[in-house]
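Remember, predicted model here, so these are calculated numbers, not experimental data. Each residue takes its place number in the sequence, starting with 1. Only heavy atoms go into these numbers, but all of them, side chains included; no hydrogens, no water, no symmetry mates.
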Amino acid sequence: MPSNPSWTWRKLLQSRDWCRGWFTVNIGNGSSTFLWYDYWLPEGKRFIDMHTLRTLTATGLPWNARVSSIINEGHWNFPMHITGLHASWQSIVFHPKPQLEDHCVWKGNSTGNFSIRSAWDLLRDKRPLNNIHLLLWFKGHIPRQSFILWLAGLGRLRTMDRLHSAEIIRNRTCILCGLHTETHAHLFFECPTSKTVWRTVNARANIYWPCCTWPNILQWGSANYYRKDDITHLIARFLLSATVYLLWFEHNKRIFNNQYLTATNIAEEVFQQVRTQLTTMQFSGAIPTAICNI
Ligand SMILES: [Zn+2]
């Protein structure tokens with residue numbers, strides 16, 4: 001890695017666009033967040049990247065409007081008269097918190113607080129950003145789970161939007177929540193059901209996986225959980241592949257067998273599969289108590 005300071009600054013400046021995807025604004029009362037220009041939408045998106053300013057201002061809200069301008073008495077008050085914006089409004093599945101200020105969250109570590117070190121860890125050349133093989137093929141991995149994770153990362157699973165475009169089905173609604181259009185990003189990370197599964201699994205195993213986009217989660221995972229002989233890194237990789245696999249399995253069971261598990265039951269299944277897999281392996285150190293004591 002070059003130690004030349006100008007190279008370092010150039011690298012950081014080049015990474016500004018990339019870094020934006022790692023920040024998200026948690027909306028409180030919406031008064032300090034720009035409605036069209038700040039990254040506060042799900043997946044760290046912003047309106048101005050998806051729509052023209054002309055479409056946005058056709059709502060009657062100016063270019064410098066704040067998010068608070070679409071909050072009324074603590075509830076969303078979306079301007080619904082512009083059809084082209086409907087999908088964006090519908091993607092907002094969280095509620096404002098009028099008693100709180102807006103605050104920025106860094107998704108590069110478990111604390112949510114930005115640090116140069118965590119950003120640099122994600123950027124530096126010694127760990128390639130798309131080193132997905134570290135998350136797929138590791139000691140003890142389950143091939144069918146790794147295969148589904150690989151396909152999901154490539155966006156190649158036959159989610160509802162793809163089945164619809166292939167004219168196999170007419171309905172594009174997510175089978176897990178029944179609320180939103182089903183895409184790869186929605187099914188595994190944005191869906192309220194999937195979010196509950198991630199939260200439950202993370203809490204029970206005492207592991208952190210950020211809920212973000214496919215490219216980001218794979219970048220983040222390969223930069224943070226890459227060590228071969230570290231039990232925590234191994235558990236994290238098992239959890240990722242088992243969670244993605246069992247969410248996909250649940251998706252297919254609902255469509256083809258009409259069988260439903262709750263989010264809590266899916267999380268429990270993930271946890272049990274990981275625990276079973278770990279107990280069949282040999283380790284020099286102890287398995288963490290969060291995994292053993294159930
Ligand atoms: Zn859903």
Is there side-chain contact between [X] and [Y], with heavy atoms separated by less than 4.5 Å?
X: Ile70; Y: Trp76; result: yes
X: His186; Y: Pro42; result: no
X: Cys174; Y: Leu187; result: yes

After noting the C-alpha distance and the side-chain angles of Phe34 and Asn64, does the key distance pass the side chain to side chain contact (heavy atoms under 4.5 Å, CB included) rule? CA-CA 6 Å; Phe34 285 104; Asn64 59 352; 4.1 Å; yes
Is the closest side-chain donor-acceptor distance between [X] and [Y] under 3.5 Å?
X: Gln277; Y: Gln273; answer: no
X: Asp38; Y: Thr33; answer: no
X: His51; Y: Ser88; answer: yes

Derivation of the side chain to side chain contact (heavy atoms under 4.5 Å, CB included) call for Ile231 and Leu278: CA-CA 9 Å; Ile231 181 77; Leu278 287 169; 4.2 Å; yes
Ring center gap for Phe138 and Phe238 short of 6.0 angstrom: yes
Mind checking whether His251 and Trp248 have ring centres under 6.0 Å apart? yes
Starting at [atom1] of [X], measure out to [atom2] of [Y] and round the result to the nearest 0.5 Å.
X: Ile217; Y: Ser222; atom1: CD1; atom2: OG; result: 11.0 Å
X: Leu218; Y: Leu135; atom1: CG; atom2: CG; result: 6.0 Å
X: His86; Y: Phe78; atom1: NE2; atom2: CZ; result: 11.0 Å
X: Lys97; Y: Asn26; atom1: NZ; atom2: CG; result: 6.5 Å
X: Tyr225; Y: Trp209; atom1: OH; atom2: CH2; result: 6.5 Å
X: Leu234; Y: Leu239; atom1: CG; atom2: CG; result: 9.5 Å

Once the angle between the rings of [X] and [Y] is folded into 0 to 90°, is it parallel (under 30°), tilted (30 to 60°) or perpendicular (over 60°)?
X: His141; Y: Trp137; answer: perpendicular
X: His233; Y: Tyr226; answer: perpendicular
X: His184; Y: Phe188; answer: tilted

Could you tell me whether [X] atom [atom1] has more than 12 heavy atoms of other residues or ligands within 6.0 Å of it?
X: Phe249; atom1: CZ; result: no
X: His75; atom1: NE2; result: no
X: Phe94; atom1: CZ; result: yes
X: Trp150; atom1: CH2; result: no

Tell me whether [X] contacts the main-chain N or O of [Y] through its side chain, where contact means a donor paired with an acceptor under 3.5 Å.
X: Thr193; Y: Leu176; result: yes
X: Asp102; Y: Gly30; result: yes
X: Trp63; Y: Tyr37; result: no
X: Ser194; Y: Glu190; result: no
X: Trp40; Y: Leu35; result: yes

If you take all heavy atoms of [X] and [Y], which pair is closest and at what distance?
X: Arg227; Y: Arg237; result: O-NH2, 2.5 Å
X: Ala263; Y: Val197; result: O-CG2, 3.6 Å
X: Pro98; Y: Asn29; result: O-CB, 3.6 Å
X: Arg46; Y: Trp36; result: CB-O, 4.1 Å
X: Ile71; Y: Gly28; result: CD1-O, 4.4 Å
X: Ser31; Y: Glu101; result: OG-OE1, 4.4 Å

Quick check: is [Y] connected to [X] through a chain of hydrophobic side chains (ILVMFWY, heavy atoms under 4.5 Å apart)?
X: Ile255; Y: Leu151; answer: yes
X: Met80; Y: Met50; answer: yes
X: Ile142; Y: Val244; answer: no
X: Phe47; Y: Val93; answer: no
X: Trp89; Y: Leu41; answer: yes

Go through the steps for Leu56 and Leu85 under the test side chain to side chain contact (heavy atoms under 4.5 Å, CB included), then give the verdict. CA-CA 8 Å; Leu56 298 174; Leu85 297 177; 3.8 Å; yes
